There are 2 protein chains.
Amino acid sequence: MQRKNLGDMQCPIARSLERVGEWWSILILRDAFQGLTRFDQFQKSLEIAPNMLTKRLNALVESGLLERRQYSEHPPRDEYVLTERGRDFRPVLWALLAWGNKHFAPEGASVVLVDSETGTPADPIMVDRTTGRPLTELAFKSAPGPAADERTRRRHAARSPS
Amino acid sequence: MQRKNLGDMQCPIARSLERVGEWWSILILRDAFQGLTRFDQFQKSLEIAPNMLTKRLNALVESGLLERRQYSEHPPRDEYVLTERGRDFRPVLWALLAWGNKHFAPEGASVVLVDSETGTPADPIMVDRTTGRPLTELAFKSAPGPAADERTRRRHAARSPS
DNA sequence: CAGTATCCTGTCCGATACTG
DNA sequence: CAGTATCGGACAGGATACTG
């Protein structure tokens, strides 16, 4: 994610990608949601080179998605736990999961989402929180928000497909 | 996304990342949903180097997210339109948008989701399609699906935080 | 206008070796 | 066990020049 002009990235999607743009980061978060917390757990699960894991973990900590928690003093040992910001990332993973299952699992789903108590499979879709109306391509679009600058505003004005 | 063992990636999230793991890809899709279709529209909007744009567009076409559509014969000119697979990616963008707005927009949201007819802002959340129940961290977890192999099964068995 | 062709730099990433 | 240090390769990504 080496970009020249991070400053002008008003778009929230671009800003999100600044934090999780590298795909290792997302896989680490996925595993963190599975309950993994320790360095070697991640390493074994991901088969990632240790130096890369260090780098990605540090980046996630700096971005505030993971929190280092010392569980041993001598020697000093840390584990990595999700912060609130990290936990809020889960819908993105759910969306990726659903999309992957639909389009890239010809042999059937290998991982599904289930109700943790009943075990019933769930089928995640996005709705508007207040109305409960499903978000569909046609019914909803993105638009400049209250804090949009002139550039962002123009972007949207130029070509909104209705 | 140069990985040694793509073959053993049963995880649907990892498979998704194979297609959209590079952050330019996601930004291109974002713009495609804004209605952009042509090379120079993307280039101006993203300020991306033309060779990179070519590469990413080709990758998205190969992955079946975009479709090349010739709109001129002499000279041959293509535009890039979303396929169904590409359009199905939208929930991921919505999730990223919501997450970015919540966590990385101290000055307020610059881009929001609105009802395309009324203009009312929407607040996207994920629910189970059949029950309508909101997906929360505690109520739902991922689990091996019908097509899970032994490895995937063990992964989940090892440590499900209930 | 819609790209292709080169060249270059940074860094992502893997492999390996080492340390308390 | 939980990392750090170092090396090297591949490629993402940028800049620029060129073409029908």
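Naming convention: chains lettered A, B, ... in sequence-line order (proteins, then strands); numbering from 1 in each chain. Note that this is a predicted model, so its numbers are computed, not measured.
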Options [options], nucleotide nearest the side-chain atoms of [X]:
X     : options               : answer
B:R77 : D:dG14, D:dA2, D:dG20 : D:dG20
B:Y71 : D:dG3, C:dA2, D:dC1   : C:dA2
B:M52 : D:dT4, D:dG13, C:dG14 : D:dG13
A:N51 : D:dG13, C:dA2, C:dG14 : C:dG14
B:D78 : C:dC1, C:dG3, D:dG3   : C:dG3

For A:D149 and A:T152: C-alpha separation, side-chain torsions, deciding distance, then whether side chain to side chain donor-acceptor pair (under 3.5 Å) applies.
CA-CA 5 Å; A:D149 62 11; A:T152 304; 2.7 Å; yes
Give a yes/no on whether any side-chain N or O of A:W24 is located under 4.0 angstrom from OP1 or OP2 of C:dT11.
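No.
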Using only side-chain N and O atoms of B:Y80, determine if any of them is under 4.0 Å from OP1 or OP2 of C:dA2.
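False: B:Y80 side-chain N/O out of range (4.0 Å or more) of C:dA2 OP1/OP2.
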Rounded to whole Å, please give me the gap between CD in A:Q43 and P in C:dC13.
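So the two atoms are 15 Å apart, to the nearest Å.
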If I take atom CD in residue A:E22 and atom P in nucleotide D:dA10, what distance separates them, rounded to the nearest angstrom?
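My rounded result for the distance is 21 Å.
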Other residues, nucleotides, ligands: >12 heavy atoms within 6.0 Å of B:E117 CD:
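Open: at most 12 neighbouring heavy atoms sit under 6.0 Å from CD of B:E117.
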Contact residues, residues 53-66 of chain A to DNA chain C [heavy atom, < 4.0 Å]:
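Residues of residues 53-66 of chain A under 4.0 Å from DNA chain C: A:K55, A:R56.
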For DNA chain D, whose closest nucleotide is more 5', that of A:P50 or that of B:A49?
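Whichever sits nearer the 5' end wins; that is A:P50.
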Has B:R68 got a side-chain atom pairing as donor or acceptor with B:V61's backbone, closer than 3.5 angstrom?
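Judged by distance alone, no pair lies under 3.5 Å.
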Watson-Crick and G-U pairing of DNA chain D, under 3.5 Å, as dot-bracket with | and [ ]
||||||||||||||||||||
